[in-house]
There are 2 protein chains.
Amino acid sequence: MTDQQSVESHETREKILATASRLFSEQGYDSTSLSQVAREARVSKALIFWHFDSKEKLYHIAVRKTLEPYFIDVAALAGLDEPAQVARLIDQFYDFVHDNVYSVRFFLSLTVQSEGQPDEVLSRVNELYRVFRNSLVSVIDRGRARGVFPPSIDPPRDAALIMASLAGILVQQFVNDGSTPVAKDLIEHLKITVFQRLTGSAAGSPLAGRP
Amino acid sequence: MTDQQSVESHETREKILATASRLFSEQGYDSTSLSQVAREARVSKALIFWHFDSKEKLYHIAVRKTLEPYFIDVAALAGLDEPAQVARLIDQFYDFVHDNVYSVRFFLSLTVQSEGQPDEVLSRVNELYRVFRNSLVSVIDRGRARGVFPPSIDPPRDAALIMASLAGILVQQFVNDGSTPVAKDLIEHLKITVFQRLTGSAAGSPLAGRP
DNA sequence: GTCTATATACAGATAGAC
DNA sequence: GTCTATCTGTATATAGAC
């Protein structure tokens, strides 16, 4: 086993993995054949089995790879007041979706299709979603405790509704037929609505222009 | 061709169609084999081809059948004022989803997966969605014209955001892991938020208890 | 490690008896 | 109309040469 062999093997393995990740994300598990992966990665089918044993194992490893860039940047909230933190979280969600359209779409379709069987991949996705929502609850709760938001608001429900709106904007984006306002527009409108809801201020107050 | 034969043929055809509708909705097109449809409908594969020519035609006919109960009841809005009409539309959406969980889930997954190729089925689903949103825009617009809602609101954007929230609540329902508030709860919270947004009233005003 | 050749299973679809 | 038997293609996976 020479170094040269090791390196080449590693690169080929990665090439297969990258190709598989892309194809699974674009087409789903069933509709992606190993023949196609082999063709587009320019290797033989047999080599895929040598590296990954089975289609299912390849899939799981490829999906994990796709999930790698998924994380939440809590540090970016430091130094902002609560309304600005809420706005920042909303923007973070949008930017993340925007930067990962293909894979987000893929995981969304997985989520919608799965019949509630526990799935390792989905539980990881759900965890990220839950963490994000919990950040939102915390910020809103803190704002209420500090008197920035009125006591009449309901942090868990308001957070869940904001998350639903974000998820819905995401879905509409995938539908888009031209008659729906574009996502970026709706995000701005959501921030205005949320600001109004959380502070009780008059309509049209700009949350948008904040630092 | 006796009547007896006609009737039996019709029943068998319907049995195949019902089985196919269910399996396609639960598993999708690729993951549903005609062998499975034949087995569960207790007929031979050949009979499926005799009745429907091909898997693709069976699919299209089965999907149309699934779409049959999809419609929007505009008559139910008569005699209500605008805020109540908005609330009624929101409730209608929720009830509809609740009554058609399986097929709604199926069409949602179709929508999310499709890569924007024009699809006869999806365009029908999109049309229903668009009609529903347009009803919402009309109601909000009329309310604004009549001075029930302030001029500062933005009917197309507000309607689109409400639709996004509804779609998002729908998606969250499919995810639900127990940590998210239940859909019915969020629907009520959405109505409160919308009422507040559209009328500029203080937090907590009940839109819920309206006729 | 990487290939070609092959085994095996099952998909969609057809032929033809009844 | 409904069946059994079969065709043809392609899928996952294996064997074995290099």
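Protein chains get the first letters and strands the later ones, always in sequence-line order, with residue 1 at the start of each.
The 12-atom threshold is not exceeded at NZ of A:Lys57, counting heavy atoms of other residues, nucleotides or ligands nearer than 6.0 Å.
When the nearest nucleotides of DNA chain D are assigned to B:Leu47 and A:Lys55 by heavy-atom distance, the more 5′-ward of the two goes with B:Leu47.
Summarising the geometry, the separation between CD1 on B:Ile48 and P on C:dG12 is reported as 9 Å, rounded to the nearest angstrom. Distance, A:Arg39 CZ to D:dT12 P: 11 Å, rounded to whole Å. Taking atom CZ on B:Arg42 and atom P on D:dG1, their separation rounds to 22 Å, with Å as the unit. Atom CG of B:Asp30 and atom C1' of D:dT10 are 14 Å apart (whole Å). Spacing between atom NE2 of A:His51 and atom C1' of D:dA13 amounts to 16 Å, rounded to whole angstrom units. One atom, NZ of B:Lys45, and another, P of D:dT6, lie 14 Å apart when rounded to the nearest Å. Atom pair B:Arg13:CZ and D:dT2:P shows a separation of 12 Å (rounding to whole Å applied). B:Glu56 has its CD atom 13 Å from the C1' atom of C:dA13, to the nearest Å.
A cation-pi arrangement, defined by a distance under 6.0 Å to the six-membered ring centre and an angle within 45 degrees of its axis, is present between B:Arg105 and B:Phe174. Cation-pi geometry between A:Lys55 and A:Tyr29 is satisfied (NZ or CZ under 6.0 Å from the ring centre, within 45° of the ring normal).
The side chain of A:Phe49 approaches D:dA13 more closely than any other nucleotide in the set D:dA13, C:dA13, D:dT2. Comparing atom distances between the A:Leu34 side chain and each of D:dT14, D:dA13, C:dT14 picks out D:dA13 as nearest. Checking D:dA15, D:dC3, D:dG1 against the side-chain heavy atoms of B:Trp50 singles out D:dG1 as nearest.
A side-chain donor from one of A:Arg133 and B:Thr180 sits under 3.5 Å from a side-chain acceptor of the other. A donor atom on one side chain and an acceptor atom on the other are not found under 3.5 Å apart for B:Thr66 and B:Ser103.
Under 4.0 angstrom from either OP1 or OP2 of D:dT2 there lies at least one side-chain N or O belonging to B:Thr12. Within the structure, a side-chain polar atom (N or O) of A:Ser33 is placed less than 4.0 Å from OP1 or OP2 of D:dA11. Between D:dA11 and A:Ser35, a contact under 4.0 Å exists linking OP1 or OP2 to a side-chain N or O. A:His10 has no side-chain polar atom (N or O) that falls below the 4.0 Å cut-off from OP1 or OP2 of C:dG1.
Using a 4.0 Å heavy-atom distance criterion, A:Ser31 is classed as making no nucleic acid contact.
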